[in-house]
Amino acid sequence: MSGKHPTVVVIGGGIIGSWTALHLAEMGIDTVLLEQFPFPHTRGSSHGGSRAFRFLGEATMDRLDYSMERWRALEKAQAVALFQRTGLINLGPRDDAWLERHMEIMACAGKPCDWLSPHALSQRFPSLRYPDEWGAAWDPNGGILFAHRCVNVVQSQFLKAGGAIQHGRAQAIETRGGGSVDITLSPRQAHEPKTLSCDRVVVASGPWTAELLPSLSQQLKTIAIPVTYWRDLSGEHAADRGFPIIYNARLAGIYGLPAAEYPGLAKVLCHDGPEAHPDARDVPDRSAYINRVAAYVGRHLPGLDARRPAIVESCMYTMTPDGEPIIDRLGEHIVAGCGFSGSGFKHSPATGRMRAALASDSDQNWSPGYEWEKYRNDRFQA
């Protein structure tokens with residue numbers, strides 16, 4: 001780096017931080033993306049081969065529509081596939097009020113969404129076994145984002161836009177007089193200088209957020225999710241064979257993605273795990289959660305080998321008490337964004353846009369569909 005201070009430093013090179021940095025660079029703002037681990041790595045929340053993208057279940061479509069536009073634009077600009085449409089089923093009985101409400105939201109937004117009766121569900125996906133009274137809402141535009149590829153492409157675009165990536169672990173943030181911010185870097189990892197100065201800092205450090213922003217520690221819980229892959233004995237659970245995303249997190253705490261990233265292995269996981277510090281995420285015993293998924297697979301997905309997962313990986317979730325993220329300013333020079341886990345990847349282009357707007361004081365006159373007030377930190381003090 002030259003002696004010139006960056007205008008904004010984004011701490012955290014996951015998908016949320018990378019999109020935030022890209023938006024800032026596209027606005028012509030000098031931006032550094034600071035990441036503690038060498039790329040690629042598997043220590044945070046944005047690694048792995050796949051993430052689900054769904055319209056069904058959202059209160060408004062603005063952020064998702066914008067995000068899909070940006071994903072598609074990146075595919076075209078980089079000539080690389082980032083998304084595969086598979087369709088998505090959200091399971092439940094026909095009189096499920098939640099499903100009825102969200103299917104109506106989809107209809108009002110002009111999004112296709114059909115009800116599959118129990119008979120239609122079994123005819124269309126004969127390998128599934130669910131209660132006789134259960135059907136499913138069918139979102140044909142749901143699909144898979146190829147996560148690791150997405151992170152790489154966003155960062156590549158950020159560098160093309162004039163941004164810079166620096167490696168080092170942020171230990172502390174201090175606001176100084178005159179409108180500057182100092183970020184203290186770990187002496188074990190950082191290259192010179194040991195302190196990185198800027199005008200504004202955007203914290204996108206996922207499960208490490210509470211260490212940098214202690215004022216948020218009471219609102220954040222970090223959990224270690226076991227990500228399990230199950231051998232497809234039937235050969236029917238592949239994305240290329242038309243098998244959908246199964247979203248049953250609301251009623252059973254489980255969701256699944258068809259085999260795509262690992263040939264012949266479907267991804268089914270529990271939307272929960274033990275609390276863990278991100279530097280020791282593999283220490284807690286996760287067997288109860290893996291066994292819970294195995295029981296679900298054996299009961300509802302008989303075409304998969306439920307005896308044991310073929311692969312177990314790890315992912316850190318950072319959760320707030322109400323399950324919604326925090327996107328807010330903490331004073332004049334710090335922008336926070338955390339608590340995205342479980343649904344943040346698909347929204348990340350829009351979330352990055354929101355955080356860049358907060359960091360550049362350009363967050364006025366936005367679509368009400370972005371629901372700014374919903375994500376303020378002070379909602380927890382009300």
Counting only N and O atoms by type, is there a donor-acceptor contact under 3.5 Å from the side chain of Ser18 to the main-chain atoms of Gly14? yes
Taking 4.0 angstrom as the limit, do Arg250 and Asp96 come out as a salt bridge? yes
Trace of the side chain to side chain donor-acceptor pair (under 3.5 Å) decision for Tyr296 with Asn248: CA-CA 10 Å; Tyr296 184 96; Asn248 202 196; 2.9 Å; yes
Look at Asp139 together with Arg54 and state whether they make a salt bridge at an N to O cut-off of under 4.0 Å. no
Do His271 and Tyr255 have ring centroids that are under 6.0 Å from one another? yes
A quick test of your reading: do over 12 heavy atoms of other residues, nucleotides or ligands sit less than 6.0 Å from CZ of Arg231? no
His148 side chain to Gly48 backbone, donor-acceptor under 3.5 Å: no
Please indicate whether Asp282 has more than 12 foreign heavy atoms, meaning atoms of other residues, nucleotides or ligands, lying under 6.0 Å from its CG. yes
Please check if any side-chain donor atom of Arg63 sits under 3.5 Å from a side-chain acceptor atom of Thr351, or the reverse. yes
Without hydrogens or angle criteria, can the side chains of Arg353 and Tyr370 be said to hold a donor-acceptor pair below 3.5 Å? yes
With a 4.5 Å cut-off on side-chain heavy atoms, are Trp71 and Lys346 touching? no
Is it possible for you to say whether Tyr289 and Tyr317 belong to one hydrophobic cluster, with membership spreading through side-chain heavy-atom contacts below 4.5 Å? no
Heavy-atom neighbours of Lys111 NZ exceed 12 at 6.0 Å: yes
Decide whether Glu261 and Ser50 meet the rule of one side-chain donor and one side-chain acceptor closer than 3.5 Å. yes
Strictly under 6.0 Å, is that where the ring centroids of Trp208 and Phe37 end up? yes
Exam field: side chain Ser341 to backbone Gly339, donor-acceptor pair closer than 3.5 Å: no
Under 3.5 Å, is there a donor-acceptor pair between the side chain of His167 and the main chain of Gln36? no
Nearest heavy atoms of Trp230 and Val268, plus distance in Å: NE1-O, 3.3 Å
Other residues, nucleotides, ligands: >12 heavy atoms within 6.0 Å of Arg307 CZ: no
Side chains of Gln219 and Ile326: does their closest heavy-atom pair fall under 4.5 Å? yes
Are there more than 12 heavy atoms of other residues, nucleotides or ligands under 6.0 Å from atom CD of Gln218? no
Measure from the side-chain N and O atoms of Thr222 to the backbone N and O of Ala276, and report whether any donor-acceptor pair falls under 3.5 Å. yes
Side-chain touch Asp182/Ile173, heavy atoms, less than 4.5 angstrom: no
Report whether Leu269 and Met316 are members of the same hydrophobic cluster (ILVMFWY, side-chain heavy atoms less than 4.5 Å apart, transitive linking). no
Heavy atoms, side chains only, cut-off 4.5 Å: are Thr320 and Phe380 in contact? yes
Given the rule that I, L, V, M, F, W and Y join up when any side-chain heavy atoms are under 4.5 Å apart, are Ile165 and Leu74 in one cluster? yes
Quick check against the 3.5 Å criterion: does His333 have a side-chain atom that pairs as donor or acceptor with the backbone of Asp199? yes
Given the rule that I, L, V, M, F, W and Y join up when any side-chain heavy atoms are under 4.5 Å apart, are Leu99 and Leu116 in one cluster? no
Establish, from distance only, whether the side-chain atoms of Ser234 and Asp232 form a donor-acceptor pair under 3.5 Å. yes
Looking at His237 and Gly264, would you say the former's side chain and the latter's main chain have a donor-acceptor pair under 3.5 Å? no
Pair Arg70 + Glu26, salt bridge at N-O below 4.0 Å: yes
